[in-house]
Structures are given as structure tokens and as C-alpha cells.
Protein chains: 2
Amino acid sequence: MSKREGLMATIKEVAALAGVTPTTVSNVLRGRGRVGTETRERVLEAVAAKGYRPNLNARALVERRAPTLALMLGCITNPFYPEFTLQANNAARRHGRFLLVCNTDYEPDGGTGFLADVAGSLSDGILVANNGDLHIDELTAIQAAGTPVVISIWESPDISPGIPCVAFDSHKAGFIATEHLLDLGHHRIGALIGSAKNGIHGGRYRGFHDALRSRKVKHIQADARFVTDSYQGGFDAAVDLLKARPDLTALFVSNDLPALGALNAAATLGLRVPEDISIVSITNIELASQSRPALTTVAIPTAEMAEQSIDLLIKLGAGEMDVPAMIRTADPVLVRRASTAPVKK
Amino acid sequence: MSKREGLMATIKEVAALAGVTPTTVSNVLRGRGRVGTETRERVLEAVAAKGYRPNLNARALVERRAPTLALMLGCITNPFYPEFTLQANNAARRHGRFLLVCNTDYEPDGGTGFLADVAGSLSDGILVANNGDLHIDELTAIQAAGTPVVISIWESPDISPGIPCVAFDSHKAGFIATEHLLDLGHHRIGALIGSAKNGIHGGRYRGFHDALRSRKVKHIQADARFVTDSYQGGFDAAVDLLKARPDLTALFVSNDLPALGALNAAATLGLRVPEDISIVSITNIELASQSRPALTTVAIPTAEMAEQSIDLLIKLGAGEMDVPAMIRTADPVLVRRASTAPVKK
DNA sequence: CTGTTAGCGCCTTCAC
DNA sequence: GTGAAGGCGCTAACAG
């Protein structure tokens with residue numbers, strides 16, 4: 001590979017043009033130190049004339065910190081992530097940082113080397129979007145090596161991963177969603193869970209379970225399906241479940257994406273939503289308001305989690321010691337739309 | 001900001017541990033130069049023992065090229081981009097590069113400084129996803145300064161932006177979509193275009209227009225709406241158009257997202273798709289297959305464009321001179337689904 | 001208020 | 001086959 005010509009102006013050239021030293025140019029550009037008004041003018045002119053921009057790599061090297069933060073997520077193709085990413089990106093930019101968005105799903109070695117490279121020099125902090133498949137030991141090692149790590153979208157406010165994190169109350173989300181169904185008079189409710197029973201959506205499932213129990217409603221294991229957290233996963237499981245248990249009047253789905261699949265599955269089976277079957281889920285991604293019928297769902301504080309995570313990362317990077325080990329975000333709230341209605345049968 | 005402790009091992013430390021010089025370690029790690037088998041062993045052990053990873057910033061500084069490629073896109077929240085991003089990311093990783101995903105939509109100064117920083121040192125090449133609002137002069141300047149620039153998703157294979165690009169035939173896409181409608185017997189066809197008449201979807205619109213003309217079907221301006229390229233834009237415009245022109249039997253929409261909005265709008269107006277109105281669009285994002293009815297659309301070669309763009313960027317970065325100024329991708333193809341049917345009235 | 005000196009961690013060139 | 005010297009572009013610490 002032939003290296004490209006160095007057509008970029010360096011600080012030296014700018015300094016020469018302005019008749020000062022690199023230090024002064026550096027000071028002017030970063031507002032450090034005291035520089036005479038006139039000198040500053042001259043420097044600024046030279047900078048403009050040369051179209052100079054500092055080499056961020058060189059700066060990172062000497063400052064021992066990169067101007068970037070990394071966001072590790074499974075697959076950007078899951079519609080939840082773009083929404084989260086946008087908020088995280090905006091928050092990072094507000095702090096003058098660039099956000100490195102890292103798709104880890106298709107990394108060959110499971111992303112180990114990838115993560116180490118990104119953490120080691122490419123970025124100044126790692127924001128891990130919890131996908132239920134965290135390698136805590138790796139993250140701990142990275143943290144120990146000096147790079148701040150924050151886990152976001154943590155589902156259990158009462159269990160700590162041992163790494164700074166931003167959590168929401170997933171149990172309450174499941175509880176609220178289920179209460180809504182119960183309030184509408186449903187008591188034959190199926191569940192579609194986008195993980196294993198004790199997987200990432202375990203808290204949501206327990207919320208569902210506890211809501212039923214609090215109203216003395218029976219729930220049999222046959223009415224639950226533990227599936228892939230995807231549109232297709234929801235579709236397939238809904239077809240299966242609705243056929244097997246035709247007496248169900250409502251479905252609790254642990255996530256919007258499979259709920260959208262379930263919505264379509266119901267239509268495919270000739271069931272009207274919400275007349276024949278109500279569907280409620282959790283998250284409130286943008287698509288939830290665009291489906292037909294629009295999806296009733298329990299909104300989790302996505303934007304808040306993204307922002308708090310970035311803020312926390314910045315604080316950790318700045319060496320602040322009084323940072324909380326866990327930030328609990330606002331409670332989830334029910335967003336009533338058109339996919340749920342009072343029970344009829 | 002207190003700089004973090006340098007707990008990361010340096011090449012020097014590794015070299016010391018292995019009883020060699022940094023040069024040798026470097027050579028071993030990159031497979032350069034000749035190194036004795038035994039020495040190599042010792043070095044590798046030391047590397048493992050220290051958990052050493054080269055500092056990518058330092059390397060970028062001395063090599064004068066970063067290990068990252070940047071993807072500039074409007075807003076990651078538009079569902080087309082995550083799909084494109086995933087492919088670009090995978091292609092970049094195949095070349096050993098990291099992909100820096102840059103949301104430009106919310107940059108304060110229109111992203112000028114942002115782009116310059118990213119181009120100047122953070123990345124070794126810029127992939128610009130065409131959103132119809134390109135600042136060609138800026139891109140040219142960046143290119144002139146030595147950073148390769150490639151424009152992807154270019155819509156007109158016969159017009160060059162003056163910068164290396166990867167294009168698909170948007171005119172043909174519009175033509176094919178419209179022909180499909182004509183073949184089904186429609187001739188009162190409305191158009192929802194996600195840009196100004198000569199904006200980014202201008203080629204698609206002309207394809208629509210030319211298809212009608214080739215069959216001697218009249219198209220009056222009142223049947224076209226130039227709207228925001230979004231779900232809501234499509235929804236609103238469809239409501240408006242369908243009310244104003246109740247005799248229309250089909251809708252040509254320039255993009256899937258507004259088409260999805262139109263689909264919902266039709267239902268809101270009590271029109272059945274495709275019985276009362278057929279809808280066809282262009283792109284074939286994943287959502288197109290998940291709507292109800294599933295959307296008939298003309299697929300554009302998204303994955304191919306992403307891959308070719310990255311490949312081109314890599315070649316340009318390697319200083320290859322025999323690179324084409326424009327790469328034309330495969331032709332768009334019709335994907336028949338459930339939103340179109342033979343005309344009835 | 002401005003300049004000098006030193007070095008961030010690595011790679012390249014050239015001796016040995 | 002291996003080592004020594006020099007420098008990438010920048011900022012830190014200190015001197016003046």
C-alpha cells in the first residue's frame with residue numbers, strides 16, 4: 001500500500017506562516033494558556049489560509065485518550081438499535097466526541113480481538129448495549145486496563161453486573177403490560193418471550209407472571225413460548241401458540257419486534273386484533289406506532305438510557321470518583337394504542 | 001481531565017520481556033522481515049503474557065493512515081441505512097478495517113467540521129451515502145487533501161458527480177415498477193415521490209413517467225405528490241391524494257418507507273389493498289416483506305452497493321490507479337408480493 | 001505572553 | 001536475522 005501524499009497542513013507549517021511556534025498555535029486552537037490578541041489573530045488567519053485541522057491521531061497519542069467513544073451492539077439491523085444509537089450519538093457529540101458504532105454480531109472470533117482493539121486505542125470508552133450475551137470477564141479486563149466501560153439497557157435494577165450500568169425496571173414493564181390486559185378483563189393470556197426463561201427477557205416474564213399471580217389468575221406453562229427475539233420468531237411462535245390454544249384472548253409479548261410478528265400472524269390465522277385477540281408488548285420502538293393496528297406497548301426509557309450511559313462514560317473517563325455503580329432510569333409507562341381491547345368472549 | 005493510567009503494555013515492555021528489540025516484536029506481529037523461529041516463539045509468548053495489543057493511534061500516526069473507514073449517512077433511524085450499514089460494516093471488516101458510522105443529520109454546522117475531522121485523521125476513507133443533499137465541493141476538497149471519497153447509492157448511472165461512485169439505475173427501477181402496474185391493467189395511477197421533482201428521486205419519477213408514456217397512458221400533474229421521504233410523509237400525502245382523486249386504482253411510490261405509510265393511509269380511508277388500490281414502490285427494505293399486505297416493490301442492489309463502495313474505497317486508499325470513476329451495479333428487479341393486483345374497476 | 005525541550009508508541013531505514 | 005536511530009504530528013512541562 002502506497003501511503004498517500006501528506007497534503008494536509010501540519011501545525012508546524014501553520015506556525016511558520018504565522019511567525020510563531022507550534023505551541024502557540026496549539027494554545028490558540030484549544031483556548032489554553034494566555035495568547036496575545038494580535039498573535040491569536042495572526043494564528044487564526046494562518047489556520048484558515050492553510051485549511052489546517054489538527055491530526056486527531058497525534059493528539060490522541062500524546063494525550064493518551066481518543067476523541068471517540070465506542071458503542072458495541074449486536075446487530076444494527078434490529079430496529080431498536082438505530083433509535084438507541086441516534087440518542088447515544090447525539091449525546092456523544094454534545095460532549096465533543098465521535099461515536100464509533102460497532103456491530104459485533106458478525107465478528108469472526110466472537111469479537112474479542114475487535115473489542116480489545118477498539119478499547120485499547122481506538123476509543124476512550126466503551127458503551128455496551130446489553131443483548132443478553134455479555135462477556136463480563138472481558139469487559140472487566142478492559143476496565144482494569146484503564147478504559148471506562150458502561151453497560152446500558154441493563155434489565156435488573158436490583159442485580160449489578162459488577163460494571164457501571166444504566167438500568168430500567170424490566171419486571172415493572174412486564175407487570176404493567178400484564179395489568180393492562182387484566183384490567184381489560186383478560187385472563188386467558190398467552191406469553192411470547194424473546195429469550196430463554198431466565199435469559200435477557202426473564203425480568204419481563206417474571207413481571208408478567210407476578211401480575212397474574214397478584215390477581216390470582218392461573219398461568220400454565222403451555223401458554224408460554226420462549227422464542228427468538230425477532231419478527232419471524234414472534235410470527236412463528238404466535239401461529240403455533242394461537243393454533244394450540246384457541247381459547248386465548250390476549251398475548252403478552254416481551255418485545256415489540258416479535259409482537260409485530262404476532263400481529264401479522266393473528267391476521268394470517270384470520271383473527272382480528274384487538275376484537276378476537278389483544279396484543280401488548282414492551283419497548284415502544286417507532287414501528288409500534290406504525291403498524292396496523294398500532295401496537296399497545298410499555299415504553300422503556302430508551303433515550304434516557306442512551307444519554308445517561310454516555311454521560312456516565314464521560315464522567316468515568318474524566319476520572320470522577322463519585323460515580324454511581326448503577327443508574328436507574330425512569331419507570332416504564334403504558335402506551336395505549338389499538339392492539340388491545342376489553343375481552344369479549 | 002485526568003489521563004488514565006497506562007496499564008496497557010507497550011511494545012517496549014514486550015520486547016524487554018522477550019529479550020529483543022521493539023523492531024523484532026513489530027516484525028513478528030506483522031509478519032514482516034525475517035525472524036528466527038525461536039525468537040518468534042519467545043516474542044509471541046511475551047505478547048500473550050502481557051496481553052499486548054499495538055496502539056492503533058501510534059501506528060496510524062506513523063503509517064499515515066488510519067485503520068478505519070467512515071460511513072457518512074443522514075440518519076441511522078431511516079430503516080434503509082441499518083441494512084446498508086451492516087453490509088458496509090461486514091465488507092470493511094473483511095478488509096481488516098473498522099467502520100465509523102457517522103450520523104450527519106444532527107450536526108450543528110451542517111457537519112462541515114465533523115466531516116473534516118473524520119476525513120483528516122480519524123478515517124482513511126469516506127463513504128458517503130447519497131441522501132440527495134451532497135456538498136460536492138467539500139467532498140472534492142477532502143479528496144484533494146488525500147483522503148479517498150466514494151459516493152454510494154448514486155441514482156443516475158449516466159451522470160457523474162465528479163467523484164468515484166457506485167450507482168444503480170433508478171430510472172429503470174421506476175420504469176419496472178410502473179410497468180408492473182400497467183401490466184395489471186392499471187392506467188389511473190397516482191405517484192408519491194419522496195423528494196422534489198428533480199430531487200434525489202427524480203430518476204425514479206422519470207422512470208415512472210417514461211413507462212406511462214411508452215404505453216401511451218396519460219399522467220396529469222395533479223396525480224403526483226412530491227413529499228417528505230418518510231413514513232409520515234407517505235401517509236399524509238396518500239390520504240390527501242386518495243381523497244382528491246378517488247378514481248385512482250394504483251399508487252406508484254418512490255420509496256418503501258412512504259409506501260408503508262400509504263398502505264396504512266389506504267386502510268385508514270377504508271380502502272382495501274390491493275382490491276381497491278394497488279401500491280408498488282422501490283428499494284425492498286426488510287419491512288417491505290413484513291407489512292400486511294406485504295409490499296410489492298422493486299429491489300435495488302443495496303448489499304452490492306455497500307460492498308462495491310467499500311472495495312472501491314480500499315482500492316483508492318491503496319493507491320490503485322486503474323479504478324473506475326463509476327461502478328454500475330446490477331439492475332433492479334421486481335419483487336411481487338401482496339400489495340398489487342389486477343385492476344377491477 | 002511565547003518559545004524550548006522532550007516524548008507519546010510505533011514503524012521504517014539502514015547498519016551490523 | 002537483529003538492532004539502533006530517527007521521526008510521524010502533536011501537546012506537556014517548564015523556561016524565559
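Owing to the predicted nature of the structure, the values given are computational and were not obtained by experimental measurement.
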Problem set entry | Pairwise 5' ranking along DNA chain C for B/Asn57 and B/Arg30, keeping only the more 5' one | B/Asn57

Going by atom type alone, with no hydrogens or angles, which donor-acceptor pairs under 3.5 Å involve a side-chain atom of residues 47-60 of chain B and a protein atom two or more places apart or on another chain?
{"unit_1": "B/Arg53", "atom_1": "NH1", "unit_2": "A/Gly113", "atom_2": "O", "d": "3.0"}
{"unit_1": "B/Arg53", "atom_1": "NH1", "unit_2": "A/Asp117", "atom_2": "OD1", "d": "2.9"}
{"unit_1": "B/Arg53", "atom_1": "NH1", "unit_2": "A/Asp117", "atom_2": "OD2", "d": "3.2"}
{"unit_1": "B/Asn55", "atom_1": "OD1", "unit_2": "B/Asn57", "atom_2": "N", "d": "2.7"}
{"unit_1": "B/Asn55", "atom_1": "OD1", "unit_2": "B/Ala58", "atom_2": "N", "d": "3.1"}
{"unit_1": "B/Asn57", "atom_1": "ND2", "unit_2": "A/Ser121", "atom_2": "O", "d": "2.8"}

Exercise. So, is A/Ser26 close to the D/dT11 phosphate, meaning a side-chain N or O under 4.0 Å from OP1 or OP2?
Worked result: yes

Exercise. Are the side chain of A/Trp154 and the backbone of A/Ile327 linked by a donor-acceptor contact shorter than 3.5 Å?
Worked result: no

For this session: For D/dT2, take OP1 and OP2 only and decide whether either is under 4.0 Å from a side-chain N or O of B/Thr39.
Result: yes

Exercise. When you measure from the side chain of B/Arg64, which nucleotide among D/dG9, C/dT4, C/dG9 comes out closest?
Worked result: D/dG9

Exercise. B/Arg53 has an atom CZ; how far is it from atom C1' of C/dG9, in whole Å?
Worked result: 16 Å

Seminar exercise, completed: Taken to the nearest whole Å, CZ/B/Arg32 to C1'/C/dC11 is 9 Å

For this session: Under 4.0 Å between any heavy atoms, over every strand shown, what does B/Thr10 touch: base, sugar-phosphate, or nothing? Just pick one.
Result: sugar-phosphate

For this session: Counting heavy atoms from C-beta on, name the nucleotide in D/dT2, C/dG9, D/dG9 closest to the side chain of B/Thr24.
Result: D/dT2

Problem set entry | Length of the line joining A/Ile11:CD1 and D/dG7:P, which is rounded to integer Å | 19 Å

Exercise. Within the structure shown, what part of the strands sits under 4.0 Å from A/Arg59 by heavy-atom distance: base, sugar-phosphate, or nothing?
Worked result: sugar-phosphate

Exercise. To the side chain of A/Thr21, which of D/dC10, C/dT4, C/dC1 is closest?
Worked result: C/dT4

For this session: Return yes if some donor-acceptor pair links the side-chain N/O of B/Glu304 with the main-chain N/O of B/Ala330 below 3.5 Å, else return no.
Result: yes

For this session: Say whether, by atom type as modelled, one donor and one acceptor occur between the side chain of A/Thr147 and the main chain of A/Asp124 under 3.5 angstrom.
Result: no

Exercise. Given that B/Asn27 and A/Ala58 both sit by DNA chain D, which one's nearest nucleotide is further toward the 5' end?
Worked result: B/Asn27

Could you list the donor-acceptor pairs under 3.5 angstrom formed between side-chain atoms of residues 77-93 of chain B and any protein atom two or more places apart in sequence or on another chain?
{"unit_1": "B/Asn78", "atom_1": "OD1", "unit_2": "B/Phe80", "atom_2": "N", "d": "3.0"}
{"unit_1": "B/Glu83", "atom_1": "OE2", "unit_2": "B/Glu286", "atom_2": "N", "d": "2.7"}
{"unit_1": "B/Thr85", "atom_1": "OG1", "unit_2": "B/Tyr81", "atom_2": "O", "d": "2.7"}
{"unit_1": "B/Arg93", "atom_1": "NE", "unit_2": "A/Glu107", "atom_2": "OE1", "d": "3.3"}
{"unit_1": "B/Arg93", "atom_1": "NE", "unit_2": "A/Glu107", "atom_2": "OE2", "d": "2.7"}
{"unit_1": "B/Arg93", "atom_1": "NH1", "unit_2": "B/Arg97", "atom_2": "O", "d": "3.3"}
{"unit_1": "B/Arg93", "atom_1": "NH2", "unit_2": "A/Glu107", "atom_2": "OE1", "d": "2.9"}

Exercise. At their closest point, which heavy atom of B/Gly125 faces which heavy atom of B/Leu313, and how far apart are they?
Worked result: C-CD2, 4.1 Å

Problem set entry | Closest listed nucleotide, where the reference is the side chain of B/Thr23 and the choices are D/dG1, C/dT12, D/dT11 | C/dT12

For this session: Find the distance A/Leu56:CG to D/dC8:P and express it as a whole number of Å.
Result: 19 Å

Exercise. Where are the stems of DNA chain D, defined as at least 3 consecutive Watson-Crick or wobble G-U pairs with both distances under 3.5 Å?
Worked result: C:1-4 with D:13-16, C:6-16 with D:1-11

For this session: Report the distance from atom CG of B/Leu29 to atom P of C/dT12, rounded to the nearest whole Å.
Result: 13 Å

For this session: Give the rounded distance in Å between these two atoms: CD of B/Glu13 and C1' of C/dC8.
Result: 13 Å

Seminar exercise, completed: When rounded to whole Å, the CD to P distance for the pair A/Glu63 and C/dG9 reads 14 Å

For this session: Starting at CE of A/Met72, measure out to CG of A/Asp105 and round the result to the nearest 0.5 Å.
Result: 11.0 Å

For this session: Taking only the side-chain heavy atoms of A/Val62 (C-beta and beyond), determine which of C/dT12, C/dG7, C/dC10 contains the nearest atom.
Result: C/dG7

Problem set entry | Length of the line joining B/Asn55:CG and C/dC11:P, which is rounded to integer Å | 9 Å

Exercise. What nucleotide among C/dG3, D/dA12, D/dG3 has an atom nearest to a side-chain atom of A/Val20?
Worked result: C/dG3

For this session: Check for a donor-acceptor pair, side chain of B/Ser26 on one end and backbone N or O of B/Pro22 on the other, with a separation under 3.5 Å.
Result: no

For this session: Counting heavy atoms from C-beta on, name the nucleotide in D/dT11, C/dT12, D/dC8 closest to the side chain of B/Leu61.
Result: D/dC8

Exercise. Under 4.0 Å: is that the gap between some side-chain N or O of B/Arg40 and OP1 or OP2 of D/dG1?
Worked result: no

